[in-house]
J.: 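Let me give you the structure first, and then I'll get to my questions.
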Protein chains: 2
Amino acid sequence: MKLKEFAKQLGLSPTTVSRALSGYPEVSEVTRARVTEEAVRLGYRPNVNAVRLKTGRVGAIGVVMGRAGEFHFAEFMAGMAEQLVGEDTDILVIPLADANYEEEMQLYRRLVESRRVDAIIMHSPRPNDERIALLHKLGMPFLVHGRSDIDVPHAWLDIDNEGAVRRATSHLMDLGHTRIAMINGRPGATYALHRDNGYRNALQARGIEFDPQLVASGNFTDELGFRFARSFLEQPNPPTAIVAGSMMTALGVYRAARSLGLQVGRDVSVIAHDDVFPYLSADNMAPSLSATRSSMRAAGTRCADLVLQLLAGRSASEIHELWPVELILRESTGPAQ
Amino acid sequence: MKLKEFAKQLGLSPTTVSRALSGYPEVSEVTRARVTEEAVRLGYRPNVNAVRLKTGRVGAIGVVMGRAGEFHFAEFMAGMAEQLVGEDTDILVIPLADANYEEEMQLYRRLVESRRVDAIIMHSPRPNDERIALLHKLGMPFLVHGRSDIDVPHAWLDIDNEGAVRRATSHLMDLGHTRIAMINGRPGATYALHRDNGYRNALQARGIEFDPQLVASGNFTDELGFRFARSFLEQPNPPTAIVAGSMMTALGVYRAARSLGLQVGRDVSVIAHDDVFPYLSADNMAPSLSATRSSMRAAGTRCADLVLQLLAGRSASEIHELWPVELILRESTGPAQ
DNA sequence: TTTCGAAACCAAATCGTTTTCAAATTGGAA
DNA sequence: TTCCAATTTGAAAACGATTTGGTTTCGAAA
């Protein structure tokens with residue numbers, strides 16, 4: 001059923017029908033009611049591609065997905081979906097071949113030129129991320145999930161990674177711990193830097209010297225959590241507490257502790273960052289895991305909302321949200337022995 | 001840069017340029033070379049929306065995402081991405097509001113009518129899934145990840161869930177276990193049914209009676225794994241082995257065993273299904289987890305490939321792939337005490 | 001020299017909407 | 001009754017590509 005045909009059946013012009021359905025004011029309410037009603041009855045729906053061609057709007061937000069297959073990703077997208085359902089806006093997943101830097105820039109460039117999306121959501125930016133400069137230069141609306149200190153206006157939403165780790169570390173020191181290890185994410189991304197800062201700042205505030213033997217970084221996997229924790233705990237002067245970067249990392253840390261006959265919460269304290277997953281909760285671990293918590297799903301929802309605002313004309317330079325992170329204390333933390 | 005403009009710069013007609021770029025034969029090779037070369041130099045790229053309107057092809061595959069935020073999803077999509085990168089085909093995520101059945105059908109209907117995707121990939125179908133009948137009726141190309149016994153031709157790719165669970169159960173019986181529990185996925189989906197069949201068939205083959213006290217089902221979460229395993233193991237006549245539906249479930253099962261002072265692999269054997277995640281591996285669990293294994297990422301890659309074949313004209317009724325599932329024995333299984 | 005077919009190119013119609021600009025209708029005030 | 005402004009409606013021109021159905025060009029065969 002095409003517009004022309006549909007309009008004819010109603011005895012109206014395509015113009016009027018189009019206006020009625022798009023909510024323009026120059027059409028009487030009685031006509032609008034009739035049109036919308038008949039559209040449902042006769043099953044008329046505007047051809048998306050025609051609309052897109054005409055309006056220049058695509059009706060899709062692109063989300064760049066790294067190749068690592070991170071478990072956060074599905075949660076973030078589920079959150080986006082919550083916001084976007086009913087908004088007539090699609091989520092387009094842009095697979096990012098993990099190529100060299102030059103190729104990656106090319107990919108972004110081509111994505112913009114192909115006009116397949118109205119806006120882009122980018123994850124885990126780097127401190128001086130040229131991709132941000134590129135997107136800005138190309139005039140593509142975009143939102144950064146995370147932050148970059150690059151000197152280019154850009155909309156972003158980030159959680160307070162620095163504060164989260166700082167508080168986690170401080171709390172461990174409150175409990176009497178002085179040797180505290182940290183497992184960070186892969187170096188390069190700003191969030192890893194922030195977490196590192198949080199860790200160092202906390203130590204410094206108490207006059208505890210930074211020990212490079214007590215930090216490690218890598219992908220957020222169970223395996224690395226285990227390996228790093230093992231290597232920490234087997235040191236001559238082992239840490240009594242570990243700050244872990246993710247729930248998966250925490251699993252590995254727990255396993256490492258058990259494997260060495262150490263009891264988490266007593267022999268070694270653990271705090272991890274929890275993105276809140278429906279399938280794995282800090283509360284249910286044994287012992288329950290003290291965690292810095294921030295919902296990835298909520299972030300997805302809000303990011304989608306902010307992108308819609310961006311597309312509605314709100315200035316990117318006034319969209320900056322820094323979310324506080326909760327510190328939830330459970331059984332995995334205890335006084336230093 | 002528009003086609004008209006670009007063609008003028010080349011001193012050619014839009015027709016010829018379009019043909020040259022689309023690889024039609026009615027254009028001389030020397031012209032084609034010049035056109036493609038200049039297109040790169042001058043940065044001409046056809047407007048996607050115009051192409052889509054004209055050709056009726058969208059260049060996107062829709063993937064229906066449940067609201068549960070399943071951790072499998074990101075892996076599956078990462079797999080799809082591997083296949084689709086460079087194919088000029090996008091992945092569109094279709095959020096599925098978990099509504100009642102009627103609304104869900106409406107959602108599929110509207111998705112098809114909106115013509116936003118060329119094909120659809122659907123997950124976890126039910127035994128007599130009307131959505132399949134609907135998509136077939138509406139003439140939308142689609143592929144089912146999983147299976148349905150509905151009497152309508154449809155392309156599908158599935159893993160041998162029945163065989164996987166049957167072999168897992170049989171192996172446990174080989175080890176002398178006679179009371180074996182199983183934690184299944186949410187009832188309704190075909191895969192849950194198949195797993196149940198596998199379980200029952202294995203028992204029956206050895207003449208062991210099915211005990212409804214030893215089966216449970218629900219979402220694949222750590223929490224349910226724990227709860228179900230606890231309730232099994234606290235029974236008066238507890239099972240000596242447990243077949244778990246997912247890695248997350250297995251985490252819960254391990255935890256339950258530990259909480260009761262039982263040692264996995266000695267006091268209670270565990271086999272789980274492993275979709276192969278980069279961030280959580282069965283091999284690294286302690287004790288290492290015996291598992292039925294099939295790569296979710298590989299499934300995504302293959303599904304994307306099959307959908308492309310479908311779009312290229314291959315008949316849906318000849319696309320049926322049943323993937324065998326490996327059984328990998330590790331330390332979590334041992335002889336019955 | 002003429003004729004013919006293949007090879008290479010092109011003008012214009014088309015895809016299904018939105019939107020500009022103009023016309024028709026309506027209802028009240030003069 | 002007449003006129004005017006406000007309210008509704010329409011005709012037709014975009015949007016930027018693809019594709020149908022030609023036309024031209026050119027070399028070889030007759």
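This is a predicted model, so every value here is computed, not measured.
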J.: Using whole Å, report how far NZ of Lys2(A) lies from C1' of dT18(C).
T.: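 Distance check: Lys2(A) NZ to dT18(C) C1' gives 17 Å.
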J.: May I ask you to verify if any side-chain N or O of Tyr24(B) is less than 4.0 angstrom from the OP1 or OP2 atom of dT18(D)?
T.: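 Answer is no, no contact under 4.0 Å.
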J.: Less than 4.0 Å between a side-chain N and a carboxylate O, is that true for Arg109(B) and Glu113(B)?
T.: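 Result for this pair is no, no salt bridge flagged.
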J.: What integer distance in Å separates Asn49(B):CG from dT18(C):C1'?
T.: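 For the pair Asn49(B) CG and dT18(C) C1', the rounded distance is 14 Å.
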J.: Measure from CD on Glu5(A) to P on dC15(C) and round the result to the nearest Å.
T.: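 Between P of dC15(C) and CD of Glu5(A): 12 Å.
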J.: Name the nucleic acid region contacted by Arg45(B), choosing base, sugar-phosphate or nothing; use a 4.0 angstrom heavy-atom cut-off, strictly under.
T.: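 Sugar-phosphate, backbone atoms only, no base.
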J.: Between Glu5(A) and Lys8(A), does any side-chain N to carboxylate O distance fall below 4.0 Å?
T.: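 Salt bridge between Glu5(A) and Lys8(A), a charged N being under 4.0 Å from a carboxylate O: no.
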J.: Would you call the rings of His123(B) and Phe76(B) parallel, tilted or perpendicular, taking 30° and 60° as the class edges?
T.: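 Aromatic pair His123(B)/Phe76(B) classed perpendicular.
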J.: Report the relative orientation of the aromatic rings in Phe277(B) and His72(B); use parallel for angles under 30°, tilted for 30 to 60°, perpendicular for over 60°.
T.: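 Rings of Phe277(B) and His72(B): tilted, 30 to 60°.
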J.: Let me have a per-nucleotide readout for nucleotides 7-14 of chain C, 5' to 3', with B, S or -, counting only protein heavy atoms under 4.0 Å.
T.: -SBBBB-B
J.: Among Val63(A), Leu306(A), Leu157(A), find the residue that satisfies the side-chain contact (heavy atoms from CB on, under 4.5 Å) test when tested with His145(A).
T.: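 Output: one option passes, namely Leu157(A).
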J.: Can you measure Lys4(A) atom NZ to dA13(D) atom C1' for me and round it to whole angstrom units?
T.: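 Spelled out: NZ on Lys4(A) to C1' on dA13(D) is 14 Å.
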J.: Atom CG of Leu53(A) to atom P of dA13(D): distance rounded to whole Å?
T.: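 So the two atoms are 17 Å apart, to the nearest Å.
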J.: Is there a donor-acceptor contact under 3.5 Å from the side chain of Ser148(B) to the main chain of Pro127(B)?
T.: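 Yes, the answer is positive, given that a donor and an acceptor are paired below the 3.5 Å cut-off.
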J.: Name the nucleic acid region contacted by Tyr44(B), choosing base, sugar-phosphate or nothing; use a 4.0 angstrom heavy-atom cut-off, strictly under.
T.: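 Counting heavy atoms under 4.0 Å across all strands, the contact made by Tyr44(B) is with sugar-phosphate only.
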J.: Establish, with yes or no, whether the OP1 or OP2 oxygen of dT18(D) is under 4.0 angstrom from a side-chain nitrogen or oxygen of Thr55(B).
T.: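 No, outside the criterion.
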J.: Taking atom C1' of dG16(C) as reference, at what distance in whole Å does atom CZ of Arg52(A) sit?
T.: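 Between C1' of dG16(C) and CZ of Arg52(A): 14 Å.
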